[in-house]
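Note on naming: letters A, B, ... go to the chains in the order of the sequence lines (proteins, then strands), and numbering restarts at 1 for each one. The figures that follow rest on heavy atoms only: side chains count, while hydrogens, waters and symmetry mates do not.
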There are 2 protein chains.
Amino acid sequence: MFSKSCEYGIKATAYIAVQAKNSNRVSLKEIAKAIDSPVAFTAKILQQLARTGIIDSVQGASGGFEIRHSQINKIKLSQIVSAIDGDNIYKGCGLGLNACNAKKPCPVHYKFQKIRDELKDMLESTTVEDLTLGLKNGHTYLKR
Amino acid sequence: MFSKSCEYGIKATAYIAVQAKNSNRVSLKEIAKAIDSPVAFTAKILQQLARTGIIDSVQGASGGFEIRHSQINKIKLSQIVSAIDGDNIYKGCGLGLNACNAKKPCPVHYKFQKIRDELKDMLESTTVEDLTLGLKNGHTYLKR
DNA sequence: TATTCACAGGATTTGGAGAACATCTTTTTT
DNA sequence: AAAAAAGATGTTCTCCAAATCCTGTGAATA
């Protein structure tokens, strides 16, 4: 469904948000450990997220990553996905055709459109805060 | 969404079905040309589909691939997907966790489950015949 | 029965995403 | 100002899906 990068991006953002709620700034290492991801690779993804303004990075000793409290309930999953995987999930043809659209649809175009639209709605109506709720009370997990 | 193999598999099956309705048996080359896919790679995928009984292959001169008329409206998209990609699409975790299930769900588990269930329903309720209809009257396409 | 056509299937190569490594830059602390 | 902590960036390595190659086998037909 999503690329590995995107999966890590979502998990990392969720973890940072949980810690930000406790006013903790977290380091790259801590994040990688918490979401069980390769450190160096995670660094690149966090950079992408920081550049697009989804998370904030602070350099230097006692630096790390954080998210402004006011942003936690505003960041939508769709933003993270777009930042990392682009909008191919919404636009891409189910059968991989380059020019698949309403004018020249592939045989499964409309059936897939329905699914994709629902996926889009879901991603646009789910905020990072939604993800933190289950994590805080231990009902959901980021590892294993 | 699907692997390239799977995309080719669906397109090939649809094409073979259209031709089978006209009582034409089609060769590997013709199929590859019709769906704009690499010949050798397509051969492998057709082998898989033939082995699982979704399509029939006939060796020798004037051989090729075909589908029994009585099967065209019975073969479901889900069968093709399972034969090539397995059932990872239904089971796989949205965030790539190995052990993501109702007992230890990831933060997006239930939201994704809904989408996946709908995808499953769609694939199970769409037959190869459904795909052939648009192709025959020129409303849908397999190339470009 | 020899030839040719066409699929079967094992072995191999290629390309790109994912992962790891090394180095440079910035910021904080002392 | 120097050292330490941490992010930024470029390069390399690895692995698997994607694609190809080559040889084997079966069927038609002359």
Side-chain angles (χ1 to χ4, degrees), chain A residues 1-13 16 19 24-67 81 84-86 88-89 92 95-96, chain B residues 1-13 15-16 19 24-67 81 83-86 88-89 92 95-98:
Chain A
M1 186 85 84
F2 300 133
S3 69
K4 273 276 181 230
S5 300
C6 198
E7 292 175 3
Y8 291 146
I10 294 172
K11 286 191 273 192
T13 306
I16 296 169
Q19 295 304 315
N24 290 139
R25 181 185 291 163
V26 285
S27 72
L28 166 62
K29 269 189 206 167
E30 186 185 337
I31 296 170
K33 196 172 180 186
I35 68 174
D36 196 27
S37 65
V39 179
F41 193 44
T42 307
K44 309 252 163 155
I45 297 158
L46 292 174
Q47 280 172 33
Q48 275 189 274
L49 294 174
R51 250 180 275 137
T52 56
I54 292 173
I55 62 177
D56 297 308
S57 72
V58 178
Q59 285 188 324
S62 82
F65 296 92
E66 59 191 12
I67 301 180
V81 175
I84 299 178
D85 279 355
N88 212 43
I89 307 179
L95 296 183
Chain B
M1 184 87 83
F2 300 132
S3 68
K4 228 73 174 99
S5 299
C6 198
E7 291 176 3
Y8 292 146
I10 294 171
K11 287 191 273 193
T13 306
Y15 180 73
I16 296 169
Q19 295 304 315
N24 290 139
R25 181 186 292 163
V26 286
S27 73
L28 166 63
K29 269 189 206 167
E30 186 184 338
I31 296 169
K33 197 173 180 185
I35 68 174
D36 196 26
S37 65
V39 178
F41 191 46
T42 307
K44 300 281 156 172
I45 297 158
L46 292 175
Q47 275 175 40
Q48 277 189 274
L49 294 175
R51 250 180 275 141
T52 55
I54 292 173
I55 63 177
D56 297 308
S57 71
V58 179
Q59 284 188 322
S62 81
F65 296 91
E66 60 192 12
I67 301 180
V81 175
I84 299 177
D85 280 354
N88 212 43
I89 307 180
L95 296 184
L97 300 184
N98 294 328

(request) Any chance you could list the contact pattern along nucleotides 18-27 of chain C? Use B for base contacts, S for sugar-phosphate-only contacts and - for none, protein heavy atoms under 4.0 Å, 5' to 3'. (result) SBBB----SB
(message) Please tell me if R25(B) has a side-chain N or O lying less than 4.0 Å from either OP1 or OP2 of dA6(C).
(response)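 False: R25(B) side-chain N/O out of range (4.0 Å or more) of dA6(C) OP1/OP2.
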Between [X] ([atom1]) and [N] ([atom2]), how many Å, whole number?
{"X": "I45(B)", "N": "dA19(D)", "atom1": "CD1", "atom2": "C1'", "answer": "10 Å"}
{"X": "N88(B)", "N": "dA17(D)", "atom1": "CG", "atom2": "C1'", "answer": "14 Å"}
{"X": "N24(B)", "N": "dA6(C)", "atom1": "CG", "atom2": "C1'", "answer": "17 Å"}
{"X": "Q48(A)", "N": "dG7(D)", "atom1": "CD", "atom2": "P", "answer": "16 Å"}
{"X": "L49(B)", "N": "dC7(C)", "atom1": "CG", "atom2": "C1'", "answer": "14 Å"}
{"X": "K29(A)", "N": "dG7(D)", "atom1": "NZ", "atom2": "C1'", "answer": "13 Å"}
{"X": "I84(B)", "N": "dC16(D)", "atom1": "CD1", "atom2": "P", "answer": "21 Å"}
{"X": "E30(A)", "N": "dG7(D)", "atom1": "CD", "atom2": "C1'", "answer": "16 Å"}

(request) Apply side-chain contact (heavy atoms from CB on, under 4.5 Å) to I31(A) and Q19(A), showing your working. (result) CA-CA 10 Å; I31(A) 296 170; Q19(A) 295 304 315; over 6 Å; no
(message) Suppose we screen for side-chain contact (heavy atoms from CB on, under 4.5 Å). Which residues come up paired with D56(B), at least two apart in sequence or across chains?
(response)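 So D56(B) forms a side-chain contact (heavy atoms from CB on, under 4.5 Å) with E66(B), R68(B).
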Rounded at 0.5 Å granularity, tell me how far [atom1] in [X] sits from [atom2] in [Y].
{"X": "L46(B)", "Y": "Y8(B)", "atom1": "CG", "atom2": "OH", "answer": "12.5 Å"}
{"X": "S3(A)", "Y": "N88(A)", "atom1": "OG", "atom2": "CG", "answer": "11.0 Å"}
{"X": "T42(B)", "Y": "K11(B)", "atom1": "OG1", "atom2": "NZ", "answer": "9.5 Å"}

(request) Please evaluate the base of dG7(D) for a donor-acceptor partner in the side chain of Q47(A) within a cut-off of under 3.5 Å? (result)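 Per atom types, no contact qualifies.
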(request) Could you walk me through whether K33(A) and K29(A) pass the side-chain contact (heavy atoms from CB on, under 4.5 Å) test, one step at a time? (result) CA-CA 6 Å; K33(A) 196 172 180 186; K29(A) 269 189 206 167; over 6 Å; no
(request) Could you work out which one of dA28(D), dT9(D), dG7(D) sits closest to the side chain of S62(B)? (result)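 Out of dA28(D), dT9(D), dG7(D), the nucleotide with an atom closest to S62(B)'s side chain is dA28(D).
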(request) Could I get the full list of ring pair (Phe, Tyr, Trp, His ring centres under 6.0 Å) partners for Y15(B), not counting sequence neighbours? (result)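 For Y15(B) there are no ring pair (Phe, Tyr, Trp, His ring centres under 6.0 Å) partners, ignoring immediate neighbours.
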